[in-house]
> 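One structure is given below, represented as structure tokens, and several questions about it will come after.
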Amino acid sequence: MTHSAEADSLFAPARLGSLELPNRLVMAPMTRNRAEDDGTPPPLMAEYYAQRAGAGLIVTEAAIPAQVGITTPNVTGIYTERQVEGWRGIAEAVHAAGGRIVMQIEHGGRVGHRDNSGLDPVAPSPIALPGGIHTPSGRREAPVPREMTTAEIRATAAAFAAAARSGVRAGFDGVEVHAANGYLLHQFLADGTNRRTDEYGGSVANRIRFVLEVVRAVAAEIGAERTGIRLSPGNTVNGITESDAEALYPALLEALAPLGLAYVHLAYADPGLAMFAAIRRRWTGTLIANPVLGPALPIPEDGGLAKARELVEAGADLVSLGRAFLANPDLVERLRTGAPLNPVREEGLEYTGGPNGYTDYPTLAGAEPAGSAA
Ligand SMILES: Cc1cc2nc3c(=O)[nH]c(=O)nc-3n(C[C@H](O)[C@H](O)[C@H](O)COP(=O)(O)O)c2cc1C
């Protein structure tokens, strides 16, 4: 097959469970800190997501399933009725604009601060996040988290399941369990952050236990066909160290394989690495891959298209892009036609609130993006 845009499978339809995707480009989850102070999504967020309804699938920014899991100021929650109603506005706006959207659910674990959540953060082991954390009064040292009890571990799996139920009730097409990027579930997987000596720590089988319990609880609540999971082997963000990722992730994928999940979403996917092939071999279901496009802000001139094609050739079914979707509400159309891309602007990326650098990125037409909820 040539790589002319028209012949490119990235722009061909695909199925994901019961969803018909018009293309294989997924908007990656991106926290933008625009929720109200109580974690409720305002109408502005519905407008932002509806602008991007041309994506094959949208994965929302992280929604927090319990107050203690709050990461940074103005992240979204999915544990109060008011929050559920705010999310409903997003699901409705995206569906009205012809899109498909799943909600990502994330617990911060040690990536948290009493000044952000009002509670002391918890984690598999009392090891602080290096490098500090954003709070309302600026960047602060992250506290040493309290080690979770077995009862808390069970309650957290139940909180994920309840959040998933709320997400589906709010109208989402499914949920993505966030087990990547150094948040609570990843903290359990990684031996640098998990020093437990009970059945949740030590061996690979023990360290994958909590993630499996969460995924099983969510799938039992809303159906496996509506449940996805995000993983990021090799990503050291949020101070993660993994000495045995080559053993752990294949074991995790083997345990996930029989559950019939909607998809596995690989953040930090590099088709040149043995890890990608190892995961593709063990996961026969839908694989979403998020290419490594380099550090924050600038995106490659092609928006990641060349890397996306490499991943499809290496076996990815769908490809997710983050920053390119952030800056280009009509990204799929731009990539399909080879049109130039808006660069990502630093202003308004996180922690500022408001439409600046959020809903004001222009479309090709230069007019209000099609699908705007306004
Ligand atoms: C502003 C911003 C916020 C992000 N928030 C999340 C998040 O909430 N959940 C998540 O899994 N990844 C998050 N990510 C990571 C993205 O999903 C993606 O993996 C990363 O941006 C790399 O993809 P890209 O090179 O296409 O941008 C975030 C990235 C950015 C730039």
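Position 1 is the first residue of the sequence; numbering continues from there. Atoms within each ligand, like the ligands themselves, are counted from 1 in listed order. Keep in mind it's a predicted model, so treat the numbers as computed, not measured.
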> So does P362 get a backbone contact from the side chain of N342, meaning a donor-acceptor N/O pair under 3.5 Å?
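Yes, because the side chain of N342 sits within donor-acceptor range (under 3.5 Å) of the backbone of P362.
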> Can you report which non-hydrogen protein atom sits closest to atom 18 (C) of ligand 1, along with the distance?
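Scanning the protein heavy atoms, the shortest distance from atom 18 (C) of ligand 1 goes to N290 OD1, 3.2 Å.
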> Does a side-chain heavy-atom distance below 4.5 Å link L341 with E301?
no
> Side chain, backbone, both or neither: which part of I299 has a heavy atom under 4.0 Å from ligand 1?
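Within the 4.0 Å criterion, I299 makes no contact with ligand 1.
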> Under 4.0 Å from a heavy atom of P29: give me the atoms of ligand 1 that qualify, with their elements.
4 (C), 5 (N), 6 (C), 7 (C), 9 (N), 10 (C), 11 (O), 12 (N), 13 (C), 14 (N), 15 (C), 16 (C), 17 (O), 28 (C)
> Closest non-hydrogen protein atom to atom 26 (O) of ligand 1, residue and atom name please, with distance?
G322 N, 2.7 Å
> Using a strict cut-off of 4.0 Å, indicate which atoms of ligand 1 neighbour a heavy atom of A28.
17 (O)
> Please could you name the atoms of ligand 1 that N181 approaches to less than 4.0 Å, counting only its heavy atoms?
10 (C), 11 (O), 12 (N)
> For ligand 1, which part of T31 has a heavy atom less than 4.0 Å away: the side chain, the backbone, both, or neither?
both
> Which atoms of ligand 1 have any heavy atom of Q104 under 4.0 Å away?
7 (C), 8 (O), 9 (N), 10 (C), 11 (O)
> Is there at least one pair of N or O atoms, one from E106 and one from ligand 1, spaced under 3.5 Å apart?
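Checking ligand 1 against E106, no N or O pair falls under 3.5 Å apart.
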> Kindly confirm or rule out an N or O of E176 lying under 3.5 angstrom from an N or O of ligand 1.
no
> Crowded around E346 CD? As in, over 12 foreign heavy atoms under 6.0 Å?
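Open.
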> Where does the angle between the aromatic ring planes of Y48 and Y358 fall among parallel (under 30°), tilted (30 to 60°) and perpendicular (over 60°)?
parallel
> Classify the ring geometry between F188 and F210 as parallel (under 30°), tilted (30 to 60°) or perpendicular (over 60°).
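Judged by the thresholds at 30° and 60°, the geometry between F188 and F210 is tilted.
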> Return the orientation label for the F160 and H107 ring planes: parallel under 30°, perpendicular over 60°, tilted otherwise.
parallel
> Measuring from N290:CG to D270:CG, what's the distance to the nearest 0.5 Å?
11.5 Å
> What are the atoms of ligand 1, with element, lying closer than 4.0 Å to any heavy atom of A62?
8 (O)
> Is there a path from I279 to V312 through hydrophobic residues (I, L, V, M, F, W, Y) whose side chains come within less than 4.5 Å of each other?
yes
> Give me the nearest non-hydrogen protein atom to atom 12 (N) of ligand 1 as residue plus atom name, then the distance to 0.1 Å.
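Atom 12 (N) of ligand 1 sits closest to the protein heavy atom R230 NH1, 2.9 Å.
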> Which atoms of ligand 1 are found less than 4.0 Å from any heavy atom of L293?
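Counting from 1, the qualifying ligand atoms are 25 (O), 26 (O).
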> Apply the side-chain contact (heavy atoms from CB on, under 4.5 Å) test between P73 and each candidate in N116, D37, D115; give the one that qualifies.
N116
> Could you tell me whether the side chain of V237 reaches within less than 4.5 Å of the side chain of H186, counting heavy atoms only?
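No, too far: nothing below the 4.5 Å cut-off.
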> Within ligand 1, which atoms have a heavy atom of R323 less than 4.0 Å away?
24 (P), 25 (O), 26 (O), 27 (O), 31 (C)
> Inspect the contact between R282 and E254 and indicate whether a charged nitrogen and a carboxylate oxygen are less than 4.0 angstrom apart.
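Looking at E254 and R282, the cut-off is met.
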> Which protein non-hydrogen atom lies closest to atom 29 (C) of ligand 1, naming both residue and atom, and how far is it?
M30 CG, 3.7 Å
> Considering both backbone and side-chain atoms of H178, is one of its nitrogen or oxygen atoms within less than 3.5 Å of a nitrogen or oxygen in ligand 1?
yes
> Within the 4.0 Å heavy-atom shell around L321, which atoms of ligand 1 are there?
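Going through ligand 1 atom by atom, the ones under 4.0 Å from L321 are 26 (O).
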